[in-house]
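Just below is one structure, and these are the notes that go with it.
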Amino acid sequence: MTAPRTSIHGEWSTRLAFILAATGSAVGLGNIWKFPYITGENGGGAFVLVYLLCIACIGIPIMMAEVLLGRRGRQSPINTMATLSAEIGHSSHWKYLGWAGVLAGFLILSYYSVIAGWALAYAFRTGSGVFINVTADGAGSIFGRFIADPEKLLAWHTVFMVMTTVIVARGVRSGLEKAVRFLMPTLFVLLLVLVGYAMNSGEFNRAVSFLFDADFSKISADSVLTAMGHAFFTLSLGMGAIMVYGSYLPKDTSIARTSIIIAVMDTLVALFAGLAIFPLVFANGLEPGSGPGLIFQTLPIAFGHMDGGTFFGTLFFVLLVFAAWSSAISLIEPAVAWLVENRKQNRVYAAAVVGLLTWLLGLLTVLSFNLWSDVKPLAFVEKFQNSTFFDLLDYLTSNIMLPLGGLLIAVFAGWLMDRKATMEELDIHDHLHVGYRIWRVLVRYVAPIAVAIVFLKVTGILDVINNLF
Ligand code: TRP
């Protein structure tokens with residue numbers, strides 16, 4: 001049965017609307033906050049190269065697979081997986097892939113919202129002028145005092161969760177689609193302005209060589225896993241966010257072309273963020289590996305010394321909040337769509353329930369930076385000796401759940417789904433089409449095998465197998 005289905009939640013108005021929504025989902029804290037600090041922690045160049053390879057060879061093909069499954073199923077990821085697997089006579093257990101995605105989205109948003117709260121707070125702080133002529137030490141201690149205060153973090157986390165819930169409750173189309181249309185290009189331009197500032201005032205050449213000179217001796221199996229996990233995270237893959245957005249995609253849109261556009265834009269934003277931040281890190285004697293506070297300790301220095309810095313700084317953090325906002329909604333959309341489909345809840349109620357649960361779980365992250373900074377729940381595992389709840393949530397989702405979800409999506413689209421069905425969704429009518437064949441090789445072999453090897457390597461299983469021979 002291949003009768004075209006329609007989505008009960010509606011469709012994007014145009015192809016551009018989908019590109020904006022999916023780019024809105026992809027571009028977020030992952031690009032501007034996370035990419036620079038994990039690049040710093042993992043030694044730069046070689047890490048960036050592995051990340052770029054993962055985007056091209058794993059990220060793009062899996063993004064196409066996710067959009068394709070979503071558009072074919074036209075429902076929440078849980079029901080899409082159930083429907084599509086039934087259609088090809090496979091076990092309905094595939095719906096648990098949808099469930100795992102719902103869980104991952106909920107776990108990610110719980111900490112994502114806390115960090116987005118930092119960006120909100122920084123929009124106000126920058127606006128108040130506290131960073132004018134600030135030194136590196138000054139910016140560091142302002143940040144230190146901020147995260148040491150659980151009440152402040154909680155308050156901003158609450159504000160951000162309310163913002164997210166309200167938009168999801170209203171349906172994506174009426175509010176955010178319009179805002180994102182205007183905000184994303186502005187963010188892009190502002191990042192370029194910051195890169196320009198960093199070129200003139202920072203150690204730009206050192207930053208470029210840090211980011212692009214690959215020194216593979218600095219990289220471990222764990223760094224490779226982090227790079228791969230981040231490729232999933234930054235493109236919003238592996239948990240059904242892009243699948244649910246794909247389910248609202250009009251029939252005649254090219255999945256390949258749009259996926260590539262989204263991935264390229266996402267990657268450019270991350271690289272510009274790196275080029276804006278690292279020159280300042282080096283010029284101010286900061287530590288590239290100083291962790292999640294990196295952008296909050298470096299960018300205020302730039303804004304504090306730049307003409308019009310108070311204005312541009314405020315604008316920058318406001319835009320960062322918008323980028324995070326358009327990502328956050330995609331993290332709970334799969335859960336909300338499911339509640340609407342199966343439980344016949346209205347969107348407002350569904351969004352409120354999911355939002356409240358996420359808010360509660362967010363308390364773990366709020367406390368990870370202050371009262372519970374010494375709580376190391378998995379201290380008995382050597383690798384996680386120093387990991388707080390926040391670190392563990394991040395590791396579990398980015399490094400395990402998303403790659404595993406992506407692997408299963410690739411297997412489903414590449415091995416189980418009828419070849420004809422995938423060709424039809426990708427609008428390809430010739431078996432020998434080069435693009436289609438490349439996609440198929442990537443999604444059947446390259447992506448699943450790469451993910452599997454990295455997992456085996458990190459868990460040490462690969463070494464055990466090696467020793468056998
Ligand atoms: N991609 C977003 C970012 O880089 C975060 C995000 C949104 C996400 N939706 C997702 C990550 C789904 C993983 C899965 O900030």
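Order of appearance sets the numbers: ligands from 1, and atoms from 1 within every ligand. We count residues from 1, following the sequence as given. These values consider heavy atoms only, across backbone and side chains, with no hydrogens, waters or symmetry-generated copies.
- For Trp12 and Tyr245, the ring centers sit closer than 6.0 Å to each other.
- Protein heavy atom at the shortest distance from atom 8 (C) of ligand 1 is Ser236 OG, 3.6 Å.
- Looking at Ala26 next to ligand 1, an N or O pair under 3.5 Å apart turns up.
- Between Phe143 and Phe369, the ring center distance fails the sub-6.0 Å criterion.
- Aromatic ring centroids of Phe146 and Trp156 lie 6.0 Å or more apart.
- Checking side-chain atoms of Asn31 against main-chain N and O of Asp266 turns up a donor-acceptor pair under 3.5 Å.
- The shortest contact between atom 11 (C) of ligand 1 and any protein heavy atom is with Phe233 O, 3.2 Å.
- Considering backbone and side-chain N/O atoms, Leu29 comes within less than 3.5 Å of an N/O atom of ligand 1.
- Closest to atom 2 (C) of ligand 1, if we only count protein heavy atoms, is Ser25 O, 3.1 Å.
- Here Tyr197 and Phe312 keep their ring centres 6.0 angstrom or further from each other.
- Heavy atoms of Thr397 found under 4.0 angstrom from ligand 1: none, in either backbone or side chain.
- Proximity of Ile108 to ligand 1, defined as any heavy-atom pair under 4.0 Å, is confined to the side chain (atoms from C-beta onward).
- For ligand 1 and Thr234, the ligand atoms under 4.0 Å from any heavy atom of the residue are 1 (N), 4 (O).
- No donor-acceptor distance shorter than 3.5 angstrom exists from the side chain of Thr388 to the backbone of Ser368, with no hydrogens or angles considered.
- Annotation: cation-pi pair Arg343/Trp338 absent, no NZ/CZ under 6.0 Å from the ring centroid and within 45° of its normal.
- Assignment of Trp33 to the shell around ligand 1 is not supported, since no heavy atom sits closer than 4.0 Å.
- In terms of modelled atom types and a separation under 3.5 Å, the side chain of Thr234 and the main chain of His230 share no donor-acceptor contact.
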(request) Kindly determine whether Lys251 and Glu425 satisfy salt bridge (charged side-chain N to carboxylate O under 4.0 Å, His left out), including the steps that lead there. (result) CA-CA 8 Å; Lys251 188 77 209 147; Glu425 286 303 328; 3.1 Å; yes

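- Atoms of ligand 1 found under 4.0 Å from any heavy atom of Leu402, numbered from 1 in the order shown, are 13 (C).
- In this structure, atom 9 (N) of ligand 1 lies nearest to the protein heavy atom Ser330 OG, 2.9 Å.
- Looking at atom 15 (O) of ligand 1, its nearest protein heavy atom turns out to be Tyr112 OH, 2.5 Å.
- Of all protein heavy atoms, the one closest to atom 14 (C) of ligand 1 is Met239 CG, 3.3 Å.
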